[in-house]
Amino acid sequence: MLLLYHKLLCHKLFFPYALPLAQPGSADIHLCILNNYDYNLLNIIGQVRSSESLVLCDSPLVQKLRARAAALLGLAPQHAEPPQLVRYSPGQLYKPHVDWGHGTDASLFIAGQRVATVLAYLTDIPKGCVGGCTHFPHLTREQPQGLRIVPVRGAACAWPNVSMHGMPLIETEHAAEPLIVKPESEQQEHQKVALNLWVRDRPVPWVT
Ligand SMILES: O=C(O)CCC(=O)C(=O)O
Ligand SMILES: [Fe+2]
């Protein structure tokens, strides 16, 4: 499996557009919602994730993001789902999971599998925090604890979720480790924000 991590990937492709979504201070995401975006706030506390997420409504910005994610795979913009912002406050996490859809997922019949994930980091790990990495426990070739990607503002990683033959890849299982504030931290705001762009096998007909 090829996991692509590039500091400039996001910089060149996404960052100039996505940056306003992660302005520090004043409840940035909610500001976006109020100003421009409809939202879908999920917070399945104590289950798989405790982070907040929201799917961005269609807009010229969203169209650019989708087009650029799909273009990474040589596909038309409609193959990218509407982007999903994820936000973690201290203690929040996303337990190990895969991004590909299971057999019961009705969206598979509509747009096919999520063939690839592009995950763009819109913040660094906040000052005064540890944790918050994206952890791939099965990518263990050299490191027994798997592979950890440290979020860097402006960086992105991308990986396939299925094989060339469309078979789900279990080794893509990954988690967002909890963001932990160091006791000595004097910082007030601690947030990790990232943007998921999932690219589908077929065009995505739904809009948000
Ligand atoms: O925030 C991360 O590091 C990973 C997010 C993720 O895996 C997801 O939202 O599906
Ligand atoms: Fe994920």
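Numbering of ligands and ligand atoms starts at 1, following listing order. One-based numbering along the sequence shown. Hydrogens, waters and symmetry mates are skipped; everything else that's a heavy atom, side chains included, is used.
- Counting the atoms of ligand 1 from 1 in the order shown, those under 4.0 Å from a heavy atom of Thr134 are 2 (C), 3 (O).
- Atoms of ligand 1 found under 4.0 Å from any heavy atom of Leu119, numbered from 1 in the order shown, are 2 (C), 3 (O), 4 (C).
- In this structure, Arg114 satisfies the cation-pi test against Trp198, with its NZ or CZ atom closer than 6.0 Å to the six-membered ring centre and inside 45 degrees of the ring normal.
- For atom 2 (C) of ligand 1, the closest heavy atom belonging to the protein is Lys192 NZ, 3.2 Å.
- When side chains are defined from C-beta on, Leu108 counts as touching Gln113, because their heavy atoms get closer than 4.5 Å.
- Between Lys182 and Val130, the shortest heavy-atom contact is CE-CG1, 3.6 Å.
- For the Fe ion (ligand 2), the tally of protein N/O/S atoms lying closer than 2.8 Å stands at 3.
- When atom types are taken as modelled, the side chain of Ser50 and the backbone of Leu93 share a donor-acceptor pair closer than 3.5 angstrom.
- Ring-plane geometry between His97 and Tyr94 is classed as parallel, the angle between the planes falling under 30 degrees on a 0 to 90 degree scale with a further cut at 60.
- The ligand atoms of ligand 1 that sit less than 4.0 angstrom from a heavy atom of Tyr88 are 1 (O), 2 (C), 4 (C), 5 (C).
- Those atoms of ligand 1 with a heavy atom of Trp198 less than 4.0 angstrom away are 10 (O).
- Under 3.5 Å, the side chains of Asp99 and Thr172 contain no donor-acceptor pair of N or O atoms.
- Of the protein's non-hydrogen atoms, the one nearest atom 9 (O) of ligand 1 is Asn196 ND2, 2.7 Å.
- When only modelled atom types and interatomic distance are considered, His79 and Asp201 share no side-chain donor-acceptor pair under 3.5 Å.
- Considering His97, Lys95, Arg87 only, the shortest heavy-atom separation from atom 6 (C) of ligand 1 involves His97.
- Each of the atoms 1 (O), 2 (C), 3 (O), 4 (C) of ligand 1 lies under 4.0 Å from some heavy atom of Ala176.
- The two residues Leu197 and Ala69 have their closest heavy-atom pair at CB-CB, 3.8 Å.
- Under 4.0 Å from ligand 1, the heavy atoms of Asp99 that appear belong solely to its side chain.
- Arg148 has a carboxylate O that lies under 4.0 Å from a charged side-chain N of Glu177, or vice versa, which qualifies the two as a salt bridge.
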